[in-house]
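Protein chains get the first letters and strands the later ones, always in sequence-line order, with residue 1 at the start of each.
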Amino acid sequence: AQSVAQPEDQVNVAEGNPLTVKCTYSVSGNPYLFWYVQYPNRGLQFLLKYITGDNLVKGSYGFEAEFNKSQTSFHLKKPSALVSDSALYFCAVRDRTNAGKSTFGDGTTLTVKP
Amino acid sequence: DARVTQTPRHKVTEMGQEVTMRCQPILGHNTVFWYRQTMMQGLELLAYFRNRAPLDDSGMPKDRFSAEMPDATLATLKIQPSEPRDSAVYFCASGLVRGVVGYTFGSGTRLTVV
């Protein structure tokens with residue numbers, strides 16, 4: 001069975017500082033990994049994905065994520081946070097043998113203060 | 001941009017009434033998902049269709065919930081009879097199995113059962 005853990009319910013950072021939202025996963029074999037963002041009263045929006053290749057993946061809005069196979073992690077990062085980045089972030093994993101069905105983490109609320 | 005359309009956006013109903021939520025997936029997407037989001041449980045997968053066939057509805061209370069895809073442009077989630085504990089935001093998402101892409105989520109139906 002595949003699973004995702006987002007160990008922090010809440011992350012607070014000051015605008016302009018770097019941010020990290022953590023995600024660890026468990027899956028058989030090599031994973032597909034995703035990050036989504038949800039703004040208030042909206043559906044989830046796809047941010048970025050890791051399939052294979054470069055461990056550092058770049059996505060929308062200046063976000064990037066680093067895949068670390070030995071630590072089974074896929075942390076979301078941004079060098080300089082904006083107040084508008086405040087939202088709920090979800091990490092998701094998909095087993096390559098279970099094509100199409102992702103398991104989502106519980107979400108991390110990011111608050112960026114001016 | 002292609003989008004997943006969900007109707008209605010909001011629904012308030014009395015306990016015991018039937019509720020039907022509709023979703024129009026993105027044309028060409030062959031996988032459709034229904035998720036429920038609550039503060040307590042987070043994002044829960046209710047049902048999953050591939051090429052209109054139900055593949056997994058283990059997350060759905062079978063006695064009152066049903067999900068169907070009468071054609072490739074329409075997915076429905078029905079609750080009969082509804083209960084206050086069904087109050088949540090229900091999201092539809094669509095995606096492709098071939099080629100690893102993120103899902104596209106609709107804006108959700110906010111259901112309140114009183």
(message) With a 4.5 angstrom heavy-atom cut-off, is it the side chain or the backbone of A/L48 that approaches chain B, or both, or neither?
(response) neither

(request) Please check if any side-chain donor atom of A/K69 sits under 3.5 Å from a side-chain acceptor atom of A/N55, or the reverse. (result) no

(request) Report the distance from atom CG of B/D57 to atom CH2 of B/W34, rounding to the nearest 0.5 Å. (result) 14.0 Å

(request) Can you spot which of A/P114, A/S80, A/S86 makes a side-chain contact (heavy atoms from CB on, under 4.5 Å) with A/E15? (result) A/P114

(request) For A/F63, enumerate each residue passing the ring-ring contact (aromatic ring centres under 6.0 Å, His included) test, keeping only those at least two apart in sequence or located in another chain. (result) A/Y89

(message) Show every side-chain hydrogen bond (donor to acceptor under 3.5 Å, both in side chains) that has at least one partner inside residues 2-26 of chain B, sequence neighbours left out.
(response) none

(request) Name, in order of residue number, those residues of residues 106-114 of chain B that have a heavy atom at a distance of less than 4.5 Å from a heavy atom in chain A; otherwise write 'none'. (result) B/G106, B/S107, B/R110

(request) Please determine, by modelled atom types, if A/E66 and A/N68 share a side-chain donor-acceptor pair under 3.5 angstrom. (result) no

(request) Against chain B, label A/Q45 side chain, backbone, both or neither, depending on which of its atoms sit under 4.5 Å from a heavy atom there. (result) neither

(request) Using the test side-chain hydrogen bond (donor to acceptor under 3.5 Å, both in side chains), find all partners of A/T103 that sit at least two apart in sequence or belong to another chain. (result) A/Q2

